[in-house]
Amino acid sequence: MKLLEDRIVKDGSVLSDTVLKVDSFLTHQVDTGLMKEIGKVFSEAYKDAGITKIVTIEASGIAPALYTAETMQVPMIFAKKAKNITMTEGILSADVYSFTKQTTSQVSIASKFLSEDDVVLIVDDILANGQAAKGLISIIEQAGAKVAGVGIVIEKSFQDGRQFLEKEGVRVTSLARLQSLENGQITFMEADA
Ligand code: 5GP
């Protein structure tokens with residue numbers, strides 16, 4: 001997605017050989033116009049997949065997931081990182097190791113929001129080692145629902161996430177694929193859409 005790649009070059013900052021900061025349009029401040037375009041591209045890519053729900057994980061996945069759900073006219077569910085006292089009914093959970101926080105946390109979705117009739121598109125902001133996607137897939141499968149694919153805004157292709165997901169037979173659609181962040185330089189490889 002050319003618009004996204006241009007934005008990464010303009011506003012992304014390389015913090016190290018493995019970490020990209022995109023807090024001015026994706027992970028902290030959100031560019032709604034860009035998210036809307038991202039939503040359209042994911043919708044187009046999965047228009048024939050029979051998607052009934054979009055699933056993401058709080059917090060930075062919510063913006064692209066919401067615009068995708070809006071375009072596809074389906075609900076968006078975000079997995080919660082901390083259980084709160086209002087989550088009283090059946091809960092589906094998985095452990096997720098966070099690349100940026102370097103801690104493991106349990107993420108949960110109320111079981112009433114997913115059923116075996118659902119076909120789910122997972123949407124997330126950044127793909128590193130695939131731990132967040134792995135946890136979400138586990139939750140969706142616990143519900144008996146089907147995962148149609150994983151839509152990623154920015155994939156760090158030099159890490160293992162995509163390889164892991166494809167080995168599991170999961171379709172991955174990344175709108176920008178970073179080949180390298182070495183020496184402060186952002187290089188791209190061909191994206192999926
Ligand atoms: P994974 O679960 O694929 O290992 O890591 C993905 C999650 O970690 C993303 O949802 C994102 O929140 C965070 N993350 C991983 N790498 C980066 C990065 O380079 N920059 C930022 N801002 N977040 C990252």
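For reference, positions follow the sequence shown, starting with 1. In listed order, ligands and their atoms are each counted from 1. Note that these values count all heavy atoms, side chains included, but never hydrogens, waters or copies made by symmetry.
- Every side-chain hydrogen bond (donor to acceptor under 3.5 Å, both in side chains) that E44 has, sequence neighbours left out, goes to K47.
- Linking ILVMFWY side-chain heavy atoms closer than 4.5 Å, directly or via other members, places V74 and F113 in two distinct hydrophobic clusters.
- Residue pairs meeting the side chain to side chain donor-acceptor pair (under 3.5 Å) criterion with at least one member in residues 145-158, sequence neighbours excluded, are E155-S157, E155-R162, E155-S174, E155-R177, K156-Q159, S157-R177.
- Listed for the D118 side chain is no donor-acceptor partner under 3.5 Å among the backbone atoms of V120.
- Pairs engaging residues 60-71 under the side chain to side chain donor-acceptor pair (under 3.5 Å) rule: none recorded [sequence neighbours left out].
- Sorted by chain then number, the residues whose non-hydrogen atoms approach ligand 1 to under 4.0 Å are T18, V19, L20, F99, T100, D124, D125, I126, L127, A128, N129, G130, Q131, A132, K156.
- Here E37 pairs with K40 in a salt bridge; the nearest charged N to carboxylate O distance falls below 4.0 Å.
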